[in-house]
There are 2 protein chains.
Amino acid sequence: MSKCEQCIIRQFNSFKYLSKEELLRLSSCKTSKIIKKGETIFEEGDHLNGLFCIKDGVCKVSKMSENGRNQIIDLIQKGDIIGERSLVSDETSNLKAVALNDMEICFIPKEEIIRDLSKNPNFTMGVLKDLANNLKKADNVIVDMAQKTVKQRLAETLIKLKEKFDLNEDGIINIQLSREDIANIIGTATESAIRLLSDLKKKKIIEFKGKEIKILDIKGLEKIAHGF
Amino acid sequence: MSKCEQCIIRQFNSFKYLSKEELLRLSSCKTSKIIKKGETIFEEGDHLNGLFCIKDGVCKVSKMSENGRNQIIDLIQKGDIIGERSLVSDETSNLKAVALNDMEICFIPKEEIIRDLSKNPNFTMGVLKDLANNLKKADNVIVDMAQKTVKQRLAETLIKLKEKFDLNEDGIINIQLSREDIANIIGTATESAIRLLSDLKKKKIIEFKGKEIKILDIKGLEKIAHGF
DNA sequence: TTTAAAACATGATATTTATCAGGTTTTTAA
DNA sequence: TTAAAAACCTGATAAATATCATGTTTTAAA
């Protein structure tokens with residue numbers, strides 16, 4: 001099994017603040033796992049008791065609303081960490097995580113990380129920064145959800161997907177989402193998402209074949225997203 | 001000037017983890033301020049460089065959307081702390097805070113707190129817990145904003161206001177918000193908020209005279225909020 | 001390879017919500 | 001105290017969005 005110490009994803013998250021020794025210890029108690037596309041990493045109500053490090057693949061993090069609809073809160077990819085909240089709270093998870101493609105993840109038990117948290121101030125600050133940044137992003141999402149139209153949110157979502165997952169050699173956004181997933185990010189009905197995607201296609205702002213989406217007119221998209 | 005050490009609000013937040021000595025030091029570098037109703041504590045884009053401790057009064061924390069509408073993200077009251085994000089980030093504030101009534105607040109410079117953060121693990125964990133909890137709440141708000149109707153969100157908001165601010169001797173919710181503020185919490189047009197409040201009044205679920213709102217049928221309100 | 005299931009698409013319609021316009025009442029400041 | 005401003009309210013209407021219905025295409029599994 002590979003060692004945390006050599007793990008490339010370390011550079012993208014708070015683990016970069018840990019010493020060689022600390023990483024070696026984590027390495028010895030981590031569990032590595034392969035998750036197939038569509039499989040669940042954890043459910044709402046699960047006790048996490050540790051962190052998940054994403055080594056490869058993408059998952060959607062979502063929460064069921066009381067109306068019975070699923071809201072995707074975040075997409076998590078290589079280098080990201082989930083489960084940070086479990087470090088400081090004994091509550092069960094309020095979120096669910098499902099793989100969007102085949103994934104490779106590591107699980108590190110909470111107690112081991114807590115040990116580092118209390119001894120390595122740089123690491124703690126890293127985790128704090130992470131949480132603070134997530135909080136800022138969450139505030140922005142709240143404002144968008146509350147104040148923007150579905151059309152604006154779709155445009156915004158496409159821009160963010162492009163920035164987060166980049167484009168492949170053909171200019172296609174490097175993530176495959178179903179129309180339902182897109183609707184669940186935006187917070188709208190699947191039919192509405194489909195309709196608005198078709199509109200954007202008609203207006204030559206995007207182009208798509210199935211789940212492969214290409215942005216033709218990023219300026220146009222930004223204009224819609226920002227409401228001009 | 002009063003001392004942090006004796007400050008009652010300490011018990012409600014992470015400062016409870018600080019030692020007598022640490023509190024004495026904070027005391028000596030804090031600034032106390034009176035903020036009048038309607039005055040701004042800080043604006044979007046301001047450099048905070050420290051924490052605000054609310055000793056008395058209530059303020060609304062909001063963010064302008066690109067559509068030019070204001071979204072109230074949170075209401076902050078006695079015992080709460082704002083500006084935590086400034087501790088771990090040099091970015092300017094993404095939020096604005098305005099007093100809803102006369103307030104008494106203390107400002108503690110960032111550097112002083114950072115000093116404690118790096119030396120007192122209990123305090124750090126307290127701040128971490130705080131952020132994690134805020135993040136969880138933010139996720140819930142995102143889901144509500146994305147998936148619930150305006151009517152549901154209004155009902156939910158009234159319930160939360162009752163829980164957060166309690167009732168006075170006459171059963172009236174202990175916070176005075178303008179219709180516009182209520183609309184900006186829910187994320188809707190002021191007229192819509194007014195209309196839906198009137199509906200609830202007609203149905204004898206609430207009762208109000210101006211800004212004084214009384215809940216008559218909490219079960220009914222919950223039924224609406226949770227979508228049955 | 002075939003077939004069932006899932007995902008995608010679009011029209012018709014209903015519902016929700018925003019906007020505009022016009023009032024009344026309350027608050028604030030001169 | 002009074003005048004102006006702000007807040008509140010309601011109706012009419014328009015716009016946005018959800019829902020239902022139905023058909024097509026794609027995907028996955030037998």
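Note that these values count all heavy atoms, side chains included, but never hydrogens, waters or copies made by symmetry. Naming convention: chains lettered A, B, ... in sequence-line order (proteins, then strands); numbering from 1 in each chain.
- For B:Lys151 and C:dA18, the NZ to C1' distance is 16 Å, given to the nearest whole Å.
- Looking at which nucleotide of DNA chain C each of B:Lys37 and B:Val150 is closest to, the 5′-most match is held by B:Val150.
- As judged by a 4.0 angstrom heavy-atom cut-off over every strand, B:Ser198 is placed among residues touching the sugar-phosphate backbone only.
- A straight line from CG of A:Leu196 to C1' of D:dT17 spans 9 Å, rounded to a whole angstrom.
- Contact annotation: A:Arg179 does not reach the phosphate of C:dT10 (side-chain N/O to OP1 or OP2, under 4.0 Å).
- Between A:Leu177 and B:Lys148, the residue anchored closer to the 5' end of DNA chain C is A:Leu177, taking for each the nucleotide with the nearest heavy atom.
- Put simply, B:Arg69 has a side-chain N or O that comes within less than 4.0 Å of OP1 or OP2 on C:dT19.
- Checking B:Lys78, B:Lys55, B:Lys36 one by one against B:Glu104, the salt bridge (charged side-chain N to carboxylate O under 4.0 Å, His left out) holds for a single residue, B:Lys55.
- Rounded to whole Å, atom P of C:dT17 lies 17 Å from atom CG of B:Asn67.
- Atom-to-atom, CZ of A:Arg195 to C1' of C:dT13 comes out at 11 Å; the value is rounded to the nearest Å.
- Among the protein residues, A:Lys211 comes within range of the sugar-phosphate backbone only, with heavy atoms under 4.0 Å from sugar or phosphate atoms but none that close to a base.
- For A:Thr149, whose side chain is taken as the heavy atoms from C-beta onward, the closest listed nucleotide among D:dA16, D:dT19, C:dT19 is D:dA16.
- Between A:Thr188 and the phosphate of D:dA18, there is a side-chain N or O to OP1/OP2 separation shorter than 4.0 Å.
- Of all heavy-atom pairs spanning B:Cys59 and B:Ile82, the tightest one is SG-CD1, 4.1 Å.
- For B:Ser178, no side-chain nitrogen or oxygen approaches OP1 or OP2 of D:dA7 to under 4.0 Å.
- A:Asp139 has no carboxylate O lying under 4.0 Å from a charged side-chain N of B:Arg85, or vice versa, which leaves the two without a salt bridge.
- Rounding to whole angstrom units, CD of residue A:Glu180 and P of D:dT19 are separated by 13 Å.
- Looking at the side chain of B:Ala189, the nearest of the listed nucleotides C:dT19, D:dT10, D:dT19 is C:dT19.
- A donor-acceptor pair under 3.5 Å is absent between the side-chain atoms of A:Arg69 and the main chain of A:Thr188, judged by distance alone.
- When rounded to the nearest whole Å, the span between CG of A:Leu154 and P of D:dA16 equals 15 Å.
- Between B:Lys202 atom NZ and D:dT10 atom C1' the separation is 9 Å, expressed in whole Å.
- In this structure, the CZ atom of B:Phe208 is 10 Å from the P atom of D:dC8, given to the nearest Å.
- Closest contact between the side chain of A:Glu191 and the listed nucleotides C:dA18, C:dC20, D:dC20 involves D:dC20.
- Ring geometry, A:Phe42 versus A:Phe52: the interplanar angle falls under 30°, so the pair is classed parallel (tilted spans 30 to 60°).
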